[in-house]
Engineer: 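Got a structure for you, questions after.
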Amino acid sequence: MAAAAAGVKKIIIDTDPGIDDAMAIFLALRSPEVEVIGLTTIYGNVYTTLATRNALHLLEVADRIDIPVAEGSHVSITKGTRLSVVDFVHGADGLGNQNFPPPEGKPIDMSAPDFLIEQANLYPGKVTVVALGPLTNIALAIQQDPSFAKNIGQIVLLGGAFAVNGNTNPAAEANIFGDPDAADIVFTSGADILAVGINVTHQVVLTDADRDKLASSTGKFAQFMCKILGVYFDYHREAYSTKGVYLHDPTAMIAAIKPSLVTCTEGAVRVQTNGITKGLTLLYNKQKRFAEITEWTDQPSVKVAVTVDAPAVVKLVMERLMD
Ligand SMILES: O=c1[nH]cnc2c1ncn2[C@@H]1O[C@H](CO)[C@@H](O)[C@H]1O
């Protein structure tokens with residue numbers, strides 16, 4: 001591929017495709033502001049093996065088999081194998097029960113954490129990781145390489161439910177619930193982090209009317225998305241009684257592509273790792289100096305998205321998919 005123009009952000013997408021992951025990946029591939037230098041895979045919406053297969057398939061659909069796929073962890077950071085995988089949201093195959101043929105490509109011979117570390121070392125301060133699933137691979141990279149948190153440019157992550165209910169249960173958002181220990185490692189790592197939680201992504205809805213508009217487009221990305229979106233719409237109708245779907249992953253991707261469409265606050269985030277509130281994300285805004293030393297004391301600040309220009313996000317997603 002031609003050398004990237006100056007100012008183009010290099011991104012690695014850590015992903016568990018996933019219907020809204022597919023949309024976010026296509027959006028990135030259609031966005032001149034970013035250059036996708038790799039995909040790394042993780043369990044979440046599906047198990048990791050299927051996430052890898054789907055990532056390869058999506059790149060084949062997009063005619064971008066030049067982009068490497070590195071397979072990620074099959075277990076949580078604490079080696080847990082009882083993973084919470086949500087086939088009722090995305091279909092058993094993760095892509096709307098379409099049973100696509102197996103991809104021809106293969107993942108590279110390097111693990112996701114090793115690939116993340118390699119790229120962060122190769123382009124210090126220049127690589128953005130857009131993390132769309134549980135944060136196991138990122139936490140492993142942080143543990144394996146003490147300089148990873150410093151070398152990585154930014155981590156934009158879809159995760160958390162800041163001062164609102166979760167979507168796995170009232171306490172927890174799905175990606176953080178998927179590996180709360182990993183999430184706590186990432187939030188306290190000192191890396192430059194922007195967390196986009198469901199307090200923000202629940203404002204960004206793709207409606208039935210938007211889907212009809214996508215369906216009328218001849219663009220291959222719009223066509224592919226319309227093929228797989230049915231299951232995701234059915235799930236939202238059932239779970240939320242809404243005539244539309246939340247654009248979780250695409251909104252996080254937009255926060256990396258066009259940061260001006262979100263506003264943020266800052267503070268230290270800790271994650272509850274056990275008990276009935278396992279997966280809860282709690283931001284300390286650093287306004288009060290507590291008399292006691294707390295679990296948030298002296299922890300680094302991260303950015304947490306608080307508002308989003310939802311109409312602009314939906315418009316941009318639609319335009320780029322239909323183009
Ligand atoms: O109700 C749900 N349970 C579990 N996962 C969900 C649900 N809705 C969406 N997602 C998936 O989890 C991430 C956002 O939390 C998104 O990747 C989305 O596809």
Side-chain angles (χ1 to χ4, degrees), residues 4 7-39 44-45 58 62 64 67 127-133 135 138 152-162 164 167 173-175 192-207 210-211 213-214 217 219 221-222 224-225 228-229 232 236 244-266 302-323:
V8 174
K9 210 187 254 189
K10 291 183 193 305
I11 68 169
I12 298 172
I13 309 173
D14 189 70
T15 177
D16 54 341
I19 295 170
D20 59 332
D21 296 73
M23 193 182 275
I25 291 167
F26 288 157
L27 173 65
L29 296 176
R30 302 288 306 143
S31 292
E33 299 88 348
V34 296
E35 177 199 1
V36 181
I37 61 169
L39 302 187
N45 296 325
L58 294 170
R64 290 303 306 273
I67 297 173
V127 178
T128 298
V129 180
V130 182
L132 304 177
L135 293 163
I138 325 293
I152 196 71
Q154 190 177 35
I155 300 168
V156 178
L157 66 92
L158 184 261
F162 294 92
V164 297
N167 58 359
E173 181 277 330
N175 285 346
D192 181 346
I193 289 171
L194 167 57
V196 181
I198 58 174
N199 47 303
V200 160
T201 59
H202 277 180
Q203 298 170 42
V204 186
V205 176
L206 187 86
T207 63
D210 295 328
R211 180 163 62 146
K213 206 164 147 201
L214 273 184
S217 158
F221 296 107
F224 184 91
M225 283 314 307
I228 67 173
L229 271 167
Y232 203 50
H236 281 75
V245 297
Y246 298 131
L247 295 187
H248 302 287
D249 294 338
T251 302
M253 185 58 73
I254 293 273
I257 293 171
K258 261 196 196 291
S260 61
L261 294 184
V262 298
T263 66
C264 305
T265 186
E266 276 192 25
V302 301
K303 297 183 200 68
V304 172
V306 286
T307 71
V308 61
D309 184 345
V313 170
V314 175
K315 184 163 175 279
L316 196 61
V317 170
M318 299 273 294
E319 277 170 10
R320 294 201 170 166
L321 292 177
M322 294 195 301
D323 201 3

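The model shown is predicted, which means the values in this text are computed figures rather than measured ones.
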Engineer: With side chains defined as the heavy atoms from C-beta onward, is the minimum distance between Met318 and Leu214 less than 4.5 Å?
Structural biologist: yes

Engineer: Would you please test Met253 and Val317 for side-chain contact (heavy atoms from CB on, under 4.5 Å) and show each step?
Structural biologist: CA-CA 10 Å; Met253 185 58 73; Val317 170; over 6 Å; no

Engineer: Using the side chain to side chain contact (heavy atoms under 4.5 Å, CB included) criterion, which residues pair with Ala255? Sequence neighbours excluded.
Structural biologist: Val156, Leu194, Val196, Val262

Engineer: State, to 0.1 Å, how close Ala195 and Gly159 come at their nearest heavy-atom pair, and which atoms those are.
Structural biologist: CB-O, 4.3 Å

Engineer: Only pairs at least two apart or in different chains count here, so list each side-chain hydrogen bond (donor to acceptor under 3.5 Å, both in side chains) that has a residue in residues 23-34.
Structural biologist: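 Passing the test, one end in residues 23-34: Arg30-Asp323, Ser31-Arg320, Glu33-Arg320.
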
Engineer: To the nearest 0.5 Å, tell me how far Arg211 CZ sits from Tyr232 OH.
Structural biologist: 13.0 Å

Engineer: Nearest 0.5 Å, what's the CZ-CZ distance between Arg64 and Phe26?
Structural biologist: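 These two atoms lie 12.0 Å from each other.
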
Engineer: Under the 3.5 angstrom rule, does the side chain of Asp249 hit a backbone N or O of Asp21 as a donor-acceptor pair?
Structural biologist: yes

Engineer: Are side-chain heavy atoms of Leu229 and Ile19 found at a separation under 4.5 Å?
Structural biologist: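 Leu229 reaches Ile19 side chain to side chain.
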
Engineer: Working to the nearest 0.5 Å, report the span between CG of Leu158 and CG of Asp14.
Structural biologist: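 It is 11.5 Å, given to the nearest 0.5 Å.
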
Engineer: Using modelled atom types and a 3.5 Å cut-off, is there a donor and acceptor pairing between side-chain atoms of Asn175 and backbone atoms of Leu132?
Structural biologist: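 Checked: pair present.
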
Engineer: Taking the side chain as C-beta and beyond, is there a heavy-atom pair between Ile254 and Thr251 under 4.5 Å?
Structural biologist: no

Engineer: Using 0.5 Å steps for rounding, measure from the CD1 atom of Ile155 to the CD1 atom of Ile138.
Structural biologist: 6.0 Å

Engineer: Just by modelled atom types, is the Ala256 backbone N or O under 3.5 Å from a matching donor or acceptor in the Lys9 side chain?
Structural biologist: yes

Engineer: Can a donor-acceptor pair be found, under 3.5 Å and without considering hydrogens, that links the side chain of Asp309 to the backbone of Leu261?
Structural biologist: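 Between the backbone of Leu261 and the side chain of Asp309 there is no qualifying donor-acceptor contact (under 3.5 Å).
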
Engineer: Nearest heavy-atom pair of Pro17 and Ile25: which atoms, and what distance?
Structural biologist: CG-CD1, 4.5 Å

Engineer: Under 3.5 Å, is there a donor-acceptor pair between the side chain of Asn199 and the main chain of Val164?
Structural biologist: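 Looks like no, no N/O pair under 3.5 Å.
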
Engineer: How would you list, by chain and number, every residue that makes a side chain to side chain contact (heavy atoms under 4.5 Å, CB included) with Thr307, sequence neighbours excluded?
Structural biologist: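 So Thr307 forms a side chain to side chain contact (heavy atoms under 4.5 Å, CB included) with Thr263.
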
Engineer: Does His248 reach the main-chain N or O of Asp20 with its side chain, forming a donor-acceptor pair under 3.5 Å?
Structural biologist: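 Not at all, since once roles are kept as given, no pair shorter than 3.5 Å links the two residues.
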
Engineer: Work out which heavy atom in Asp192 is nearest to a heavy atom in Gly153; give both atom names and the distance.
Structural biologist: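 Result for this residue pair: CB-O, 3.4 Å.
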
Engineer: So which heavy atom on Ala161 is nearest to which on Ile198, and how close?
Structural biologist: CB-CG1, 3.7 Å

Engineer: Can you tell me how far the CG atom of Leu247 sits from the NE2 atom of His202, to the nearest 0.5 Å?
Structural biologist: 11.0 Å

Engineer: Compare every heavy atom of Val313 with every heavy atom of Val204, then report the nearest pair and how far apart it is.
Structural biologist: CG1-CG1, 3.8 Å

Engineer: Do you know the tightest heavy-atom contact between Phe221 and Ala62?
Structural biologist: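 For Phe221 and Ala62, the tightest heavy-atom pair comes out as CE2-CB, 3.6 Å.
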
Engineer: In Å, rounded to the nearest 0.5 Å, how long is the span from CG of Leu29 to CD1 of Ile13?
Structural biologist: 6.0 Å

Engineer: Considering only heavy atoms from C-beta outward, does the side chain of Leu58 approach that of Phe224 to under 4.5 Å?
Structural biologist: yes

